[in-house]
Amino acid sequence: MQISPQQVLDALKNVEDPDLKKDLVTLNMIKDLQIADNQVNFTLELTTPACPMKEMLKNACTNAIKHFVSPTAEVVINVTSRVTQPTNSSSLDNIKNIILVSSGKGGVGKSTVSSNLAVVLAKDGAKVGLIDADIYGPSVPTMFDLVDAKPGAEETADGKTKILPIEKYGIKLLSLGFFADPGQPVPWRGPMASNAVKQLFNDTNWGELDYLIVDLPPGTGDIHITITQSFPISGAVVVTTPQQVALADTHKGLAMFRMPGINIPILGVIENMSYFTPAELPENKYYIFGKGGGTELAQRFDVPFLGEIPIIQSISEAGDKGKPVALNQNPLLDGIFGDIASKIAQQISINNAQMVNC
């Protein structure tokens with residue numbers, strides 16, 4: 001008996017996206033369904049290329065068709081993605097999601113985390129941009145080997161001048177460090193710094209982006225308020241280290257996003273420098289700065305804990321050489337940064353779906 005499209009769709013209604021709590025057909029994730037004899041072909045369109053449950057959903061679709069339609073059906077599934085965006089993204093229409101990476105204090109590795117998350121999301125197939133908004137110590141020029149680089153510019157049809165971000169490793173990059181002499185301090189006043197950061201968003205031709213990651217300065221100052229109140233933010237990621245001094249400052253930084261007038265969704269907490277693993281003993285973990293602080297902070301604010309990043313020499317070496325470690329095919333770090341990026345993308349999809357259903 002010939003398999004009909006309706007039979008396949010009815011079967012796939014039994015497969016639910018575990019995050020969005022609806023079946024794949026209702027979510028309009030089944031595309032280009034084609035049936036030839038006993039072969040069923042379709043595209044499964046996910047809400048993020050970094051979906052951590054990609055294989056699980058593929059297997060569930062195959063099993064549903066074999067169980068409800070035909071046990072001998074040959075099922076071929078092509079997986080693609082269409083990143084969702086929040087319903088409040090009225091400005092910056094070509095940028096679907098803006099992700100803030102924040103910390104309460106300096107020196108916790110926030111720029112390293114931002115750079116490697118951008119690399120992982122781009123490797124997964126997303127269109128990614130990265131803004132280095134740290135006016136006091138911009139690190140992106142060093143981490144991408146662009147210390148002497150200068151962005152280009154173009155004139156639009158209406159006579160305006162737009163900055164052209166620098167592209168490297170599949171990521172569109174802008175840093176305040178591109179516009180200053182690397183060897184000279186820049187004594188920014190608050191309003192001047194805020195206007196400069198706004199220009200990185202408004203006066204730049206970013207093209208179409210799924211994710212724009214923003215590496216914020218440490219603390220809770222003018223830049224944070226300007227960005228959170230001027231642009232539609234999908235969520236914030238908070239980076240800390242395990243020791244109590246860092247956690248106390250991170251607590252204040254995290255609380256800032258929940259203040260009235262800011263109210264930014266918190267995507268989760270990342271604990272950097274969680275433990276030391278020597279290269280010659282990769283199974284050993286030495287918690288030299290304490291243990292579990294990031295997990296406790298996440299529990300205190302009832303937000304996801306996204307993961308632990310160890311102290312490994314290759315992370316800092318890769319950044320100093322201008323090639324983030326996520327590019328280097330290190331199996332341990334690929335797994336760690338990949339898992340964190342997947343959780344962030346997953347949380348954004350859940351938040352965006354909840355806003356649509358409100």
Side-chain angles (χ1 to χ4, degrees), residues 50 99-103 106-154 162-186 188 196-197 199-201 203-207 209-218 223 237 239 270 272-273 279 309-338 340-341:
I99 304 170
L100 307 182
V101 180
S102 175
S103 67
V108 300
K110 178 174 45 59
S111 297
T112 296
V113 170
S114 300
S115 300
N116 283 287
L117 289 179
V119 166
V120 170
L121 288 169
K123 282 168 64 177
D124 282 335
K127 298 173 183 175
V128 182
L130 173 60
I131 286 180
D132 180 3
D134 191 342
I135 59 174
Y136 308 110
S139 302
V140 161
T142 298
M143 292 189 168
F144 286 84
D145 194 21
L146 294 169
V147 171
D148 297 316
K150 299 297 178 188
E154 66 175 7
K162 289 279 190 179
I163 303 167
L164 294 173
I166 297 172
E167 294 193 41
K168 194 161 187 180
Y169 308 137
I171 304 162
K172 295 182 178 180
L173 304 161
L174 266 190
S175 169
L176 291 172
F178 293 153
F179 304 96
D181 185 334
Q184 295 295 320
V186 182
W188 297 96
V197 169
Q199 284 186 289
L200 299 182
F201 288 85
D203 298 341
T204 300
N205 182 3
W206 287 105
L209 294 180
D210 295 316
Y211 305 104
L212 177 60
I213 297 173
V214 184
D215 180 12
L216 291 174
I223 301 300
V237 175
V239 182
I270 298 171
N272 194 25
M273 308 182 206
I309 301 172
I311 302 171
I312 296 179
Q313 188 174 352
S314 60
I315 296 178
S316 59
E317 285 179 346
D320 290 344
K321 292 177 181 176
K323 193 173 182 180
V325 74
L327 292 164
N328 295 340
Q329 303 299 311
N330 179 306
L332 172 64
L333 296 174
D334 280 355
I336 290 172
F337 282 114
I340 291 172

Are the side chains of [X] and [Y] in touch, meaning some heavy atoms are under 4.5 Å apart?
X: Thr204; Y: Pro151; value: no
X: Ile309; Y: Ile340; value: yes
X: Phe337; Y: Val119; value: no
X: Ile166; Y: Phe144; value: no
X: Val140; Y: Ser111; value: no

Can you list the residues that meet the side-chain hydrogen bond (donor to acceptor under 3.5 Å, both in side chains) rule with [X], with sequence neighbours excluded?
X: Asn205; value: Glu154
X: Ser102; value: none
X: Thr112; value: none
X: Glu317; value: Gln313

*Smallest separation among heavy atoms of Ile336 and Pro310, with atom names*: CD1-CD, 3.5 Å
*Of all the heavy-atom pairs spanning Ala341 and Val120, show the shortest one and how long it is.*
CB-CG1, 3.6 Å
Distance-only donor-acceptor pairs under 3.5 Å for side chains of residues 172-180, two or more places apart:
from	atom 1	to	atom 2	distance (Å)
Lys172	NZ	Trp206	O	2.8
Ser175	OG	Asp132	OD2	3.0
Ser175	OG	Gly177	N	2.9

*asked:* Looking at Leu216, is its backbone amide N or carbonyl O close enough to the side chain of Lys110 to form a donor-acceptor pair, meaning the two atoms are under 3.5 Å apart?
replied: yes
*Any donor-acceptor N/O pair, Lys123 side chain to Ala326 backbone, under 3.5 Å*: yes
Can you tell me how far the [atom1] atom of [X] sits from the [atom2] atom of [Y], to the nearest 0.5 Å?
X: Ile131; Y: Ile99; atom1: CD1; atom2: CD1; answer: 12.5 Å
X: Leu327; Y: Lys321; atom1: CG; atom2: NZ; answer: 13.5 Å
X: Leu121; Y: Leu209; atom1: CG; atom2: CG; answer: 11.5 Å
X: Ile315; Y: Asp320; atom1: CD1; atom2: CG; answer: 12.0 Å
X: Ile171; Y: Leu212; atom1: CD1; atom2: CG; answer: 11.5 Å
X: Ser103; Y: Ile270; atom1: OG; atom2: CD1; answer: 11.0 Å

*Are Val128 and Asp210 close enough, and set up right, to give a side-chain contact (heavy atoms from CB on, under 4.5 Å), and what steps lead you there?*
CA-CA 6 Å; Val128 182; Asp210 295 316; 5.9 Å; no
*For Tyr211, enumerate each residue passing the ring pair (Phe, Tyr, Trp, His ring centres under 6.0 Å) test, keeping only those at least two apart in sequence or located in another chain.*
none
*Who passes side-chain contact (heavy atoms from CB on, under 4.5 Å) against Ser314, sequence neighbours left out?*
Ile312, Val325, Asn330, Leu333
_Partners passing salt bridge (Lys or Arg N to Asp or Glu O under 4.0 Å) against Asp134 (at least two apart in sequence or in another chain)_ = none
*Has Lys323 got more than 12 heavy atoms of other residues, nucleotides or ligands less than 6.0 Å from its NZ?*
no
